[in-house]
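Take a look at the structure below.
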Amino acid sequence: MKLFAIFGDPVAHSRSPLMHNSVFKNLNYKACYTRVHLKDGSKLRETFFALGLSGANVTVPHKEDAYKACDEVRGFAQNIGVVNTIINENGKLIGYNTDADGFMAAIKEFENIEKVLIIGAGGTAKALASRFVQDNLKVSILNRSENKLAYFKNFALTCQDWDSYKSSKYDLVVNTTSAGLKDENLPAPKEMIEDILQNTSFAADAIYGKVTPFLRLAKEKNLTCKDGADMLLGQGILANELFTNNELGTSDIKFYMQKSFEL
Ligand code: NDP
């Protein structure tokens, strides 16, 4: 029996255990997936081994610590220094990032996206910004504080904090902050969010399982919106393929993960 887990702080809200266990149970894969409330990200590696895990997912705020915890990082995660999936390969921790491709799958139906505003400058923002740049989209970043913007400035992206914000037109605005996750906060002052939503066609939030104040406002303005559930599904399918070494079919994984959303 293999054991998998998700590490985060908070982690109680995570649907990943339900999603992965639904796949393992229904497809008779001998594995179980649990959650670990980890406060100190620097303890990730030792906790992973102490629990005897075969693999893990990592959520807020430990994805950059997860990158540091790995012996080797593969694929897209190398570009961004942010890991959300870890595989135990013969005692070595191998890191991947499945968030960005999961998000791209989630917004497939949004058409003619050329200009994107990302609100937030954490791990998810880095993953999405790098993925958007790869697709030649024009990317701007807006973050509460200035200090996390340095990473994005290195890629010559337009960066603003709340003090330097200037109104502009976008096709898509994505909230990647944790504002609205445990509270009822907007990701920026209300007048700024009003202005941003007035000047975009599509809005997406990485948060799932609730209508955040950001999405509520976007819906009031009749924008085409998406919460983080499809992104969650997309990254989960890719992570499960890594956990099971592609032994299960993608469409079966998708079917049973979607079924777990009904629980
Ligand atoms: P990080 O901790 O790396 O970054 C958080 C960012 O949010 C920082 O830029 C921070 O700004 C900003 N922030 C936090 N609180 C507020 C606030 N009250 N107002 C404005 N800005 C705020 O988090 P992640 O990037 O890892 O995750 C962000 C969100 O995305 C989480 O809610 C997570 O649940 C969700 N997520 C969903 C996924 C899915 O599958 N649907 C996948 C990945 C993430 P500052 O720099 O000023 O502190």
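Numbers here simply count residues along the sequence, with the first being 1. First listed ligand is number 1; within each ligand, the first listed atom is number 1.
- Counting heavy atoms closer than 4.0 Å to ligand 1, residue D99 contributes side-chain atoms (C-beta onward) but none from N, CA, C or O.
- Only the side chain of K63 comes within 4.0 Å of ligand 1, judged by heavy-atom distances.
- Between F103 and F132, the ring-plane angle classifies as perpendicular under the 30° and 60° cut-offs.
- One option in V60, D183, N185 has a heavy atom closer to atom 2 (O) of ligand 1 than any other, and that option is V60.
- Only the backbone of T176 comes within 4.0 Å of ligand 1, counting heavy atoms alone; no side-chain atom from C-beta on gets that close.
- Heavy-atom proximity to K148, at under 4.0 Å, picks out these atoms of ligand 1: 8 (C), 45 (P), 46 (O), 48 (O).
- Geometric assessment of K126 against the ring of Y151 yields a positive cation-pi assignment under the 6.0 Å and 45° thresholds.
- Under the 30°/60° scheme for interplanar angles, the aromatic rings of F243 and F4 are found to be tilted.
- Remark: the D99 side chain and the N84 side chain contain an N/O donor-acceptor pair separated by less than 3.5 Å.
- For L232, heavy-atom contacts with ligand 1 shorter than 4.0 Å involve the backbone as well as the side chain.
- Between H13, K182, R144, it is R144 that holds the heavy atom closest to atom 17 (C) of ligand 1.
- When heavy-atom distances to ligand 1 are checked against a 4.0 Å cut-off, S145 comes that close through both its backbone and its side chain.
- When heavy-atom distances to ligand 1 are checked against a 4.0 Å cut-off, Q235 comes that close only through its side chain, counted from C-beta outward.
- Side-chain N/O atoms of Y256 and K25 include no donor and acceptor closer than 3.5 Å.
- Under the 4.5 Å side-chain heavy-atom criterion for grouping Ile, Leu, Val, Met, Phe, Trp and Tyr, I207 is not connected to L128 through any hydrophobic cluster.
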